[in-house]
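Okay, structure first, notes after.
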Amino acid sequence: MPDIAIVPAPRELTVDEGQWVSADPAGEAIRDVVENLGETEYRIDVTADGARLSAGSEDALRHAESTYAQLLDAAEPAEDGMVAVPAVRIADAPRFAWRGMMLDVARHFMPKEFVLKVLDVLALHRLNTLHFHLTDDQGWRVEIAAYPRLTEIGAWRDETMVGKMSRGQKDFEYDGQRHGGFYTKDDLREIVAYAAERGITVVPEIDLPGHMQAAIAAYPELGNNPDTQLTVRQYWGISDDVLNVNDATVEFVRTVLREVLDIFPSPYIHLGGDECPSVQWAVSEEAQKRQAELGLTEPGQLQGWFTEQVASVLAEEGRRLVGWDEMVETDCPKDAVIMAWRSAQRGEIAVKAGHQTVMAPCESVYFDYYQGDPATEPLAIGNFIPLEKVYDFEVIPASLTEEEAALIVGTQCQIWTEYMPDEQQVGYMLLPRLSAFAERAWGSPRMSYDEFLTRLRPHLARIERIGVNYRPLD
Ligand code: ACM
């Protein structure tokens, strides 16, 4: 019998050895939404009576169909244009509600057509969240009608540094190539609709109040030195140029967010919050005045105040704030969902502070890290996360109590694109690490790494059919 290669592996799979059932190769089968299954559960029964897919919701039925399509790969030709499928029973449901991937399209813009393919890859792996990192120092990628310069100016940089940036580096070699692009509102609505058809939520991120240099280049009045004309940043690292904390800037961001909410129906909206230096607030007269008025002792505390001001737009529309784990330290709203990126330990801290948390720790699921020997791999940001390490990832830190663990709503892998200039390189860094990640996000039974590789080899052909690049297995 050909191997049954389902990725991520279902929670329960029983094979009736030696039994084969005639099936339609196009995947026609009985499909039902039924009441006796939980909302996220599905079943597949391939018996002498044929194939039956049942699920507790339309979303779960989609998962059943995706799994059944993978099962059909194990089919053998039979008579009358039918195929023989191994007789199996599958009972399946995801372990986590948030099964995500973050795509940074700010450092390098990725065409809409590629984003749609990424959504196909997520659906193939029964992942359900695309976290879309739309803005950063190096580019602003979302059309905003009220502020056209955000894309006229902010979506483009004249050139980009070449090679690997080292800490503290000031002089760079540049490529002399203009780079940029942005998505129109129609593009984004198309992406959102394409995702929804596949059961995927697109969570937009407007990263603030740091990582905003592209916006400040477009509208200098947003910055702490409005008389200085900044460029859209042409090198990597963390910019000291962050938003000022004036009322007009709060209003500006609120207007931007209202337009973003109008495009993205997601119940979750990500407002960044990572890596926001406060050096400019410490010396800005206006920021110091605000700090004193608010009775704050440190300039860094202005970040919490600012985020709260702009996040009220989300509350008005019934949306939930999501932020990187720095937000826990900035007095953020208790109902904010925290994305733990600096370490798994940051996730523990977020959970202990009572926050629902998505585990996205850099030591396990940052796919901009090397996956092989840096001497022979394409340039990457550093560190080392080979495929096997992703397969071994455990989402819930062992030290948490059951009650604390219940606050972990899921997990997410990250594609930061400083060193990924195009879709070929994104595919190479993403896959097949995403396939291993999907097993942990879904809660597939832990089997040996070799067993995973046995399923992964034929699975790569599915990725090839979608047309996304991947790193061949060693
Ligand atoms: C991050 O990697 N700065 C969230």
Side-chain angles (χ1 to χ4, degrees), residues 98 100-108 110 129-141 164-168 203-215 233 235-243 268-279 300 303-304 306-307 321-330 332 336-350 355-371 380-385 390 393 395 408-420 426 429-430 433-434 437:
W98 187 301
M101 170 200 164
M102 189 220 65
L103 180 62
D104 166 16
V105 291
R107 273 50 176 271
H108 281 103
M110 299 291 153
T129 305
L130 176 69
H131 165 179
F132 212 12
H133 185 80
L134 286 165
T135 65
D136 216 303
D137 298 316
Q138 294 84 2
W140 181 282
R141 308 287 176 223
K164 174 75 190 358
M165 182 173 168
S166 0
R167 203 178 281 267
V203 177
E205 179 184 356
I206 305 298
D207 199 350
L208 58 84
H211 288 282
M212 269 282 170
Q213 188 172 322
R233 193 165 158 110
Y235 53 95
W236 317 125
I238 301 172
S239 176
D240 284 342
D241 283 290
V242 304
L243 294 178
Y268 300 97
I269 304 291
H270 202 304
L271 296 187
D274 58 325
E275 300 175 323
C276 180
S278 53
V279 284
Q303 182 177 343
F306 186 88
T307 304
L321 167 66
V322 186
W324 297 111
D325 61 52
E326 286 92 331
M327 256 193 208
V328 179
E329 293 149 31
T330 63
C332 67
V337 176
I338 297 300
M339 202 164 264
W341 75 275
R342 285 179 293 178
S343 64
Q345 207 186 357
R346 294 286 175 181
E348 295 178 43
I349 293 168
H355 289 282
Q356 285 196 331
T357 298
V358 176
M359 296 300 284
C362 61
E363 67 272 21
S364 302
V365 285
Y366 261 43
F367 293 169
D368 53 340
Y369 289 6
Y370 281 105
Q371 49 194 325
I381 198 159
N383 299 312
F384 182 51
I385 302 184
V390 181
F393 171 50
V395 177
I408 293 186
V409 292
T411 183
Q412 182 172 285
C413 60
Q414 276 58 237
I415 286 284
W416 296 106
T417 57
E418 285 97 327
Y419 300 99
M420 300 181 212
V426 169
M429 299 301 278
L430 181 64
R433 287 189 288 191
L434 178 107
F437 167 78

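This is a predicted model, so every value here is computed, not measured. Both counts, for ligands and for their atoms, begin at 1 and track the order of listing.
Between D274 and ligand 1, at least one pair of N/O atoms sits closer than 3.5 Å. Polar contact check, H211 against ligand 1: no nitrogen or oxygen pair lies under 3.5 Å apart.
With a 4.5 Å cut-off on side-chain heavy atoms, M420 and D368 count as touching. Side-chain contact check for D104 versus I415: every heavy-atom pair is 4.5 Å or farther apart.
Every residue was checked against the ring-ring contact (aromatic ring centres under 6.0 Å, His included) condition with H355, not counting sequence neighbours, and none meets it. With sequence neighbours left out, N383 forms a side chain to side chain contact (heavy atoms under 4.5 Å, CB included) with Y369.
Aromatic ring centres of H211 and W236: separated by at least 6.0 Å.
Close approach of ligand 1 to E275 (heavy-atom distance below 4.0 Å) involves ligand atoms 3 (N). Under a 4.0 Å criterion applied to the non-hydrogen atoms of W416, ligand 1 contributes the atoms 1 (C), 2 (O), 4 (C). Residue-ligand proximity, Y366 to ligand 1, at heavy-atom distances under 4.0 Å covers atoms 1 (C), 2 (O), 4 (C).
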